[in-house]
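From a predicted model like this one, the values you see are computed outputs, not experimental measurements. Below, chain A is the first sequence line, B the second, and so on; all start at residue 1.
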2 protein chains.
Amino acid sequence: MELIDALPLNLKTNKDIEKFLSEDFQTKDFKKAELISKQDQYNRNVYFIKNGLVRSFYYENGKEITTKFYTEGNLMANTDTLFQNNPTRYNFEAIEESTVEFCNYAKLEELCAVSLESANFSRFVLGNIITQMTDRISTLQFHTAKEKYLRLIHENPNIILRAPLGMIASYLGISQETLSRIRSEI
Amino acid sequence: MELIDALPLNLKTNKDIEKFLSEDFQTKDFKKAELISKQDQYNRNVYFIKNGLVRSFYYENGKEITTKFYTEGNLMANTDTLFQNNPTRYNFEAIEESTVEFCNYAKLEELCAVSLESANFSRFVLGNIITQMTDRISTLQFHTAKEKYLRLIHENPNIILRAPLGMIASYLGISQETLSRIRSEI
DNA sequence: CGCCGAGTTGAACTGAATCAAGAAACGTGG
DNA sequence: CCACGTTTCTTGATTCAGTTCAACTCGGCG
């Protein structure tokens with residue numbers, strides 16, 4: 001999937017954005033289990049997943065906590081660095097062999113500072129992220145392990161087939177053993 | 001608190017935004033327990049809490065689930081309606097007597113369509129919301145009842161003193177009894 | 001003064017974590 | 001292509017945090 005395919009219709013033909021996509025983005029491949037970005041750094045890249053599967057995670061009490069999965073067509077960035085100027089607490093890791101495109105957020109900011117359509121494109125992207133996060137909060141707030149798993153199947157069946165069980169369990173905030181038991185009884 | 005006080009410095013003196021704030025916003029008072037906005041409607045207002053305390057909640061299996069508290073200086077909106085064009089599942093309720101300012105999101109969109117600084121202001125607001133939501137997800141994903149409560153005390157001690165226990169418990173995704181026990185042991 | 005909603009406390013129950021061990025799948029090198 | 005070691009997944013037994021249900025206390029308000 002190409003970045004331009006992920007854009008809303010009215011922005012696909014915008015010349016500022018088109019120029020931006022072709023000039024300012026680099027492509028890179030990552031092997032399975034390779035780290036794309038590491039915690040404690042100021043990484044201001046914005047990544048677009050062209051293909052493959054990536055996760056973000058951090059360590060707490062020595063355990064890996066998976067916070068999100070990113071698949072074809074998703075955008076990925078360290079929002080704690082971009083929006084709060086903190087070194088990020090997250091690692092990005094390729095779960096499958098993956099191809100990503102990326103650019104520095106500063107470039108995007110420069111563009112948004114002069115291009116109205118780009119700024120509105122960026123608003124659109126942020127709005128989508130908020131929608132996804134709202135769903136995720138609602139899943140985590142008041143549901144049983146089984147309900148959370150069923151919701152994930154419904155919203156992102158993809159992940160279930162492609163990510164290892166331990167990472168999925170962590171993403172749902174449950175133990176690996178519990179997830180295994182839930183699977184066996186379905 | 002006035003809306004203009006909540007803006008980042010560089011936008012306070014912007015004439016587009018200033019005009020917008022003075023012309024397109026209305027003010028309204030709500031009594032304690034009064035509903036500001038109801039579920040199942042297309043309410044495209046964006047609210048700014050001038051003073052007071054408001055919560056959003058929805059019903060699940062007959063129980064009220066509090067999803068967020070809004071205090072002085074916060075912005076509040078039905079993102080499911082704004083970004084996905086769905087009737088909202090949330091109610092907004094004044095917990096204290098509250099004064100809010102509001103405008104229709106369409107007005108803001110109109111402004112963003114022509115004013116670069118407004119679009120970037122909107123981007124800034126959305127970025128802040130994402131930061132908050134990231135924290136909330138991390139709180140809910142893998143923490144005990146006590147940890148969640150302590151984090152809320154740390155991040156928003158305000159709420160603890162002003163909102164009733166049942167609503168706080170629901171916000172944290174725990175039962176009212178558990179929260180009461182946690183309080184007594186601190 | 002008595003009611004009513006909000007908060008507290010206790011006891012029993014339960015969903016899920018943890019600990020532990022074994023089975024299956026996976027990939028790497030010979 | 002097989003053998004081996006490693007990682008991932010499953011299953012069982014036990015424990016524990018948190019829910020539920022129920023009764024009771026407290027403080028405010030008509």
field: Cationic tip of B:Lys68 above B:Tyr70 ring, under 6.0 Å, 45° of axis
entry: yes
query: At what distance, to the nearest 0.5 angstrom, does CZ of A:Arg151 lie from CZ of A:Arg136?
result: 11.0 Å
- request: Measure the spacing between OG1 of A:Thr139 and CD of A:Glu155 and express it to the nearest 0.5 Å.
  value: 5.5 Å
query: What are the two closest heavy atoms between A:Phe142 and B:Gly173, and how far apart are they?
result: CE1-CA, 3.6 Å
task: Describe the nucleic acid contact of A:Lys32 in one word from base, sugar-phosphate, nothing, applying a heavy-atom distance below 4.0 Å.
output: sugar-phosphate
- line: Value for OG (B:Ser37) from OH (B:Tyr90), rounded to nearest 0.5 Å, stands at 12.0 Å
Dump every N/O contact between nucleotides 5-7 of chain D and the protein below 3.5 Å, one line per pair.
none

task: Determine whether B:Arg55 and B:Thr67 make a side-chain contact, defined as any pair of heavy atoms from C-beta on separated by less than 4.5 Å.
output: no
query: Any ion pair linking A:Lys28 and A:Glu34 (charged N to carboxylate O, less than 4.0 Å)?
result: no
task: Would you jot down, in residue-number order, the residues of residues 170-186 of chain B having a non-hydrogen atom under 4.0 Å from DNA chain C?
output: B:Gln176, B:Glu177, B:Ser180, B:Arg181, B:Ser184
message: Here's a test of your reading of the structure: between A:Phe142 and A:Leu165, which maps to the more 5' nucleotide of DNA chain D?
response: A:Leu165
field: Spacing between A:Ile160 atom CD1 and D:dT8 atom C1', to the nearest angstrom
entry: 16 Å
Nearest-Å distance for atom pair CE/P, residues B:Met167 and C:dA6: 8 Å
